[in-house]
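Following: one structure in structure tokens, then a few remarks.
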Amino acid sequence: MSLCLRVISFREFGFMSVLSGKTAIVTGASAPNGIGRAIALRLAQDGSNLVVADIDGVLPVNGEDQSRMDLLENLASELTSSQGKAIAVKLDVTRQSDVNDCIAATLAAFDTVDVLVNNAGSLAGSDNFLSTTPSQWETSFQVNILGPMMMAQAVIPIMQKSGGGRIINIGSTGSLGAEPGFGAYTALKHGLVGFTKTIAAEFGVDGILCNTVCPGYISTDMHMAANNRLASEHGMTIEEVKSKRYENVALRDAGLPMDVANAVAYLAGPQANYVTGINLPVTGGVPAGI
């Protein structure tokens with residue numbers, strides 16, 4: 001017996017238009033194999049206009065430093081040529097002036113904001129608890145809590161005027177449990193969950209839904225670099241490192257950035273019209289921890 005499989009596109013299911021006419025801001029979107037980029041591409045598939053944003057500076061890509069803004073501009077061009085309209089914006093989420101400029105650029109290009117994805121984050125404070133410094137805790141707070149707060153404060157009045165919107169925060173398994181060596185990061189990612197629930201409770205009456213997506217091990221450039229580093233430090237093969245790292249993952253492997261992006265697309269779309277204040281794990285079945 002032969003089995004014939006046919007790949008079904010998003011268009012055949014009618015998914016292309018669920019966000020037609022909507023505008024989404026995605027922060028932390030410059031990494032070529034990052035979660036932010038995947039989210040932008042996925043929301044564009046559903047018809048959304050995109051504002052892709054990230055800090056200025058350089059990012060190591062395949063052993064070479066590349067400009068984050070060049071990477072963002074390339075992403076915006078790709079989205080515009082293949083899906084719809086997109087702009088790239090320089091944004092340090094810890095700077096109020098950058099937040100204001102991002103919102104101004106978004107309104108100038110698209111008149112409104114319907115979806116905010118707070119993807120920008122920091123691993124500051126991912127160290128032994130006794131070794132972490134107050135400055136690491138401060139950096140983690142600024143990027144992982146203060147940045148999403150300022151972005152939310154900027155878009156909520158716009159969403160209120162238009163009758164609602166979606167705010168989606170990107171957390172982590174560190175938002176759900178704890179493991180040694182991630183003190184500040186874990187504490188602040190837990191704080192992000194509380195922030196999400198606060199927005200959901202306070203602004204649900206305005207039709208503003210707020211949720212957290214919590215990725216586990218995801219095959220980003222940063223994650224793969226960590227695997228390579230661990231292999232080198234411990235004299236192990238990459239496969240041995242993966243086997244050890246993923247032994248508590250039910251699916252025994254890392255996920256892909258698009259796995260996270262699909263969860264974001266669900267929460268951004270009409271399928272999630274009655275979903276707010278939740279934490280959605282995209283972990284391959286990692287236990288929550290302590």
Side-chain angles (χ1 to χ4, degrees), residues 18-19 21-29 35-36 39-40 42-43 46 48 50-51 53 91 93-94 96 99 102-103 106 112-122 140-178 185-216 259-283 286 288-289:
V18 294
L19 293 179
K22 304 294 186 180
T23 296
I25 299 174
V26 181
T27 69
I35 291 172
I39 291 170
R42 182 64 180 82
L43 294 181
D46 282 354
S48 178
L50 266 301
V51 178
L91 172 65
V93 296
T94 70
Q96 187 67 61
V99 171
C102 175
I103 300 305
T106 301
T112 191
V113 182
D114 302 288
V115 179
L116 167 65
V117 183
N118 283 313
N119 173 68
S122 172
S140 188
F141 167 74
Q142 288 180 340
V143 180
N144 295 319
I145 297 292
L146 189 64
M149 181 276 290
M150 290 196 296
M151 290 297 296
Q153 282 189 335
V155 303
I156 286 172
I158 301 169
M159 292 178 176
Q160 286 173 318
K161 290 179 181 179
S162 64
R166 309 292 172 92
I167 298 174
I168 302 165
N169 299 314
I170 305 302
S172 155
T173 49
S175 300
L176 307 173
Y185 176 78
T186 296
L188 274 303
K189 284 296 186 180
H190 271 70
L192 188 66
V193 169
F195 166 74
T196 293
K197 292 183 180 295
T198 296
I199 298 299
E202 189 163 343
F203 298 101
V205 68
D206 298 310
I208 297 171
L209 282 59
C210 186
N211 296 288
T212 307
V213 173
C214 300
D259 293 322
V260 182
N262 286 333
V264 171
Y266 161 69
L267 292 172
Q271 307 94 324
N273 279 347
Y274 202 63
V275 178
T276 193
I278 71 162
N279 312 316
L280 178 56
V282 183
T283 65
V286 173

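The shortest non-hydrogen separation linking T106 to T112 is CG2-O, 3.7 Å. Between M150 and V93, the shortest heavy-atom distance links the atoms CE-O, 2.9 Å. The two residues A268 and I168 have their closest heavy-atom pair at N-CD1, 3.8 Å. For G171 against S175, the heavy-atom pair with the smallest separation is CA-OG, 3.5 Å. In this structure, N144 and G121 approach most closely via the heavy-atom pair OD1-CA, 3.4 Å. Between D114 and M159, the shortest heavy-atom distance links the atoms O-CE, 3.6 Å.
No donor-acceptor pair closer than 3.5 Å links the side chain of N262 to the backbone N or O of D259. A donor-acceptor contact shorter than 3.5 Å links the side chain of T276 to the backbone of C210. At least one donor-acceptor pair under 3.5 Å links the side chain of K189 to the backbone N or O of I170. N169 places no side-chain N or O within 3.5 Å of a backbone atom of T212 that could act as its donor or acceptor partner. The main-chain N or O of V275 is found under 3.5 Å from a side-chain atom of N211 such that the two form a donor-acceptor pair. Within the 3.5 Å criterion, the main-chain N or O of V113 finds no donor-acceptor partner in the side chain of T23. Side-chain N or O atoms of T27 include one that pairs as donor or acceptor with a backbone N or O of A120 at under 3.5 Å.
For the atom pair CG (N279) and CG (L176), the distance works out to 6.0 Å, reported to the nearest 0.5 Å. Note that OG of S122 is 12.0 Å distant from CD1 of I145, once rounded to the nearest 0.5 Å. Here the straight-line distance linking atom CZ of F195 with atom CG of L146 works out to 10.0 Å at 0.5 Å rounding. Rounded to the nearest 0.5 Å, atoms CG (L267) and CZ (R166) are 8.0 Å apart. In this structure, CD1 in I167 is found 9.5 Å from CE in M151, a value given to the nearest 0.5 Å. Separating the CD atom in E202 from the NZ atom in K197 is a distance of 15.5 Å, to the nearest 0.5 Å.
In this model, no donor atom of one side chain and acceptor atom of the other lie less than 3.5 Å apart for T173 and T283.
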Apply side-chain contact (heavy atoms from CB on, under 4.5 Å) to the pair I25 and I103, showing each step before the final yes or no. CA-CA 9 Å; I25 299 174; I103 300 305; 3.9 Å; yes

Before giving the answer on side-chain contact (heavy atoms from CB on, under 4.5 Å), spell out for V99 and Q153 the whole-Å C-alpha distance, their side-chain angles and the decisive distance to 0.1 Å. CA-CA 10 Å; V99 171; Q153 282 189 335; over 6 Å; no

I would like to know whether R42 and V264 meet side-chain contact (heavy atoms from CB on, under 4.5 Å); could you show each step before the answer? CA-CA 9 Å; R42 182 64 180 82; V264 171; over 6 Å; no

Between V117 and V213, is the side-chain contact (heavy atoms from CB on, under 4.5 Å) condition met? List the steps. CA-CA 10 Å; V117 183; V213 173; over 6 Å; no

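Put simply, the side chain of P215 reaches to within 4.5 Å of the side chain of I35, judged on heavy atoms. Counting heavy atoms from C-beta on, the side chains of L192 and N118 never come closer than 4.5 Å.
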